[in-house]
2 protein chains.
Amino acid sequence: MPTTRRPTSRDVAQAAGVSQSTVSLVLGGKWPGRVSPATAGAVRRAAERLGYRPNLAARNLRLGTTRTVLLVVPTLSNPFFGDVYTGAAEVAARHGFRVVVYPWPDGAWPGDPWSPGHAGPFASPREAIDGVLATALAADVLEEFSDTPAVMLDNDPAGAAPTVDFAVADGMRALVAHLGGLGHRRFGHVAAAVDQWTFRERGGALAAAVDALPGGALVRTTAAIDAGAAKEAAGRLLDLPDRPTVLVCDDDLMAAGAYKAARARGLDIPGDLSVTGFDDDVLATALEPELTTVRLPARRLGAEGMAALLELLDGRRPGPRSLPGELVVRASTAPPPRR
Amino acid sequence: MPTTRRPTSRDVAQAAGVSQSTVSLVLGGKWPGRVSPATAGAVRRAAERLGYRPNLAARNLRLGTTRTVLLVVPTLSNPFFGDVYTGAAEVAARHGFRVVVYPWPDGAWPGDPWSPGHAGPFASPREAIDGVLATALAADVLEEFSDTPAVMLDNDPAGAAPTVDFAVADGMRALVAHLGGLGHRRFGHVAAAVDQWTFRERGGALAAAVDALPGGALVRTTAAIDAGAAKEAAGRLLDLPDRPTVLVCDDDLMAAGAYKAARARGLDIPGDLSVTGFDDDVLATALEPELTTVRLPARRLGAEGMAALLELLDGRRPGPRSLPGELVVRASTAPPPRR
DNA sequence: CTGAAAGCGCTTACAG
DNA sequence: CTGAAAGCGCTTACAG
């Protein structure tokens, strides 16, 4: 009477008075037409009674698949990537896959696992995996996984791997249209000092859209994705002789920094200065005034990315997908001050 | 010539001109004294050349362990739990374990995977696992995993399972000492409407510490862990005839709500009202003024929790551990206004 | 409709 | 020092 051992399909078979292969057929859902309903029922009851859970290692070994996908993110300290994970893991779970997170350090994000004060780097993922889902990476990183089917998230669609992207350029254009409509002409860009497609794309779209605005002018500064660094960078723009009437920030957290720079100079938001973010994370509604931003559906990015990867693993070739970002107008934008 | 197949230890053996068991010995690090250094070197070179990665499924099947641990969290949209994961996964990786996240919905956190608008719940973790690391749970949830070794994180140390906790009561006492030293006597508690040990503990410690303060008085209100709900709840306290001079909030995000309630009433922080949080997440320094709070080392919680679970799986019985929270004094607290 | 058997890729006694 | 062999728990032809 095995009390300590985890029950196997063999135990279930014995309890149900059938063969192990019958158990496998029934629990695998392949029994109709091959096993009598009565037997199937008995098997299921026995499995339930014993609290049987299939050993995935055995299943995967037999099937020759690991059913494991690696999700490469810069950090999980940012809720954006937590949401990406959640979306990916949901879709994966429905297909019997699991998602292992590999925090790839790129130094650009707060909470980076290789940052100082950190206990030590993750071990490199030396296990065999079926595929890779990689977010927001420098291009060279992908080489590390070059022998594996991969889908890039929020990365250059011109690359070799299939991509699922946000339409960040559209989002930026919608933002400029909103701001232009309010009367803004002098734009400041508080850009993320991160060499990634998504940020290059935002910068390019912003520049083009402001250019297309009659009388539009743009000044630009860069900072790490961090409130303190963004505050300092935004301050440089605000100290300009002909300072911008709106600060467009590459990230909600950077917008929080811009708020602080404005307050330090006695500028009211949005009366004296409009500020916008990007992402729409919890921060956006935690700030005062609430932040006008572009919502990037992070969870959907993870979900669609996993769906694309599953297609790829299935031998199909997923086309590039683009997820719309939604302009969310809140209280941090208003017409520029009269002068 | 297998080009598409993943190389196995058998392929490495063939390439190195040795047997498969020798490869296993060498790559498993058990060769010294059993395999000649020259052979070991040849094996390693062959493995490297072929890009060999061990099949974990086969290894785990053979070893009779899944080397998988389930981390149960309410959400990953909160960076706190992202950090817990990171800490747990680091320690796990060093011991050849992997961590599968199971977002257990309890409805108390923003971004809850079962909240409306969500695509659907995760599949129940039906796979066999070695152990469970469970954070911030209602006690009844643990039953779901009752047949599995488990460590509770930030949960009641009086329970049956080993625990790793924050010394939240100490943290709260340090906070009250700081505030009492500034001269505060009328305290408002913006409490999380969540029935969990950690919040009961905070509430109890706050009440006791204020009680011990000569002339100390405490009013209390509850809200969901959400800026909007906290704003409303804080507002109720601020509209009291004899309103508190400080709002002690159970979470940084709730403190952001308190900021908004104060601003809506024209109250300056910290001139007219002091506000404190709990956690010290990114939000704390993104707010203006920066938030006085109690830092809870989330990553360490995950790391120590995993270490305890590993001990448990090793047959030892880990004692309860408690991680100190650190009072971080920033700009949101000051002496109460003179009246 | 049901069962006996092979085999996925490892680790580890065991034999030489 | 090295190799042949057993067996972990599954899935799936294959035979009855």
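A note on names: the letters A, B, ... follow the listed sequences, proteins ahead of strands, and every chain is numbered from 1. Since the model is a prediction, treat every value here as computed from it, not as a measurement. What's counted below: heavy atoms across the whole structure, side chains too, no hydrogens, waters or symmetry copies.
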Using a cut-off of less than 4.0 Å, is there contact between a side-chain N or O of A:Thr8 and OP1 or OP2 of D:dG9?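 No.
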Taking 4.0 Å as the cut-off, does a side-chain nitrogen or oxygen of B:Ser9 come that near to OP1 or OP2 on C:dC10?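 Yes, B:Ser9 has a side-chain N/O under 4.0 Å of OP1/OP2 on C:dC10.
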Which side-chain hydrogen bond (donor to acceptor under 3.5 Å, both in side chains) pairs, counting each pair once, include a residue from residues 22-32 of chain B, with sequence neighbours left out?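 Listed once each, the pairs are B:Ser19-B:Thr22.
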What orientation do B:Phe80 and B:Phe166 show, parallel under 30°, tilted 30 to 60°, or perpendicular over 60°? perpendicular
Under 4.5 Å between any side-chain heavy atoms of A:Val23 and A:Val18, yes or no? yes
Flag for [Y]-[X]: side-chain donor and acceptor within less than 3.5 Å:
X        : Y        : answer
B:Ser77  : A:Asp83  : yes
B:Thr135 : B:Asp154 : no
A:Thr65  : A:Asn60  : no

Within this structure, what is the [atom1]-to-[atom2] distance between [X] and [N], rounded to whole angstrom?
X       : N      : atom1 : atom2 : answer
A:Arg59 : C:dG9  : CZ    : P     : 17 Å
A:Asn55 : D:dT11 : CG    : P     : 10 Å
A:Asp11 : D:dC8  : CG    : P     : 12 Å
A:Asn60 : C:dC8  : CG    : C1'   : 11 Å
A:Leu27 : D:dG9  : CG    : C1'   : 13 Å

What's touching nucleotides 12-16 of chain D from the protein side, N or O pairs under 3.5 Å?
residue : atom : partner : partner atom : Å
D:dT12  : OP2  : A:Lys30 : NZ           : 3.0

Please name all residues satisfying side-chain hydrogen bond (donor to acceptor under 3.5 Å, both in side chains) with A:Ser9, sequence neighbours left out, ordered by chain then number. A:Gln20
Those residues that, when tested against A:Thr39, pass side-chain hydrogen bond (donor to acceptor under 3.5 Å, both in side chains) (two or more places apart):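 A:Ser36.
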Acceptor/donor pairs from residues 307-321 of chain B side chains to any protein atom, 3.5 angstrom cut, sequence neighbours excluded:
residue  : atom : partner  : partner atom : Å
B:Glu311 : OE2  : B:Arg321 : NH2          : 2.7
B:Asp314 : OD2  : B:Arg316 : NH2          : 3.2
B:Arg317 : NH2  : B:Ala160 : O            : 3.3
B:Arg321 : NH1  : B:Glu304 : OE1          : 3.1

Paired stretches of DNA chain C - 3 or more consecutive Watson-Crick or G-U pairs, each distance under 3.5 Å: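 So far as stems of 3 or more pairs are concerned, DNA chain C shows C:1-3 with D:14-16, C:5-12 with D:5-12, C:14-16 with D:1-3.
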By nearest nucleotide on DNA chain D, pick out whichever of B:Val18 and B:Leu61 is the more 5' one.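 It is B:Val18, whose closest nucleotide lies nearer the 5' terminus.
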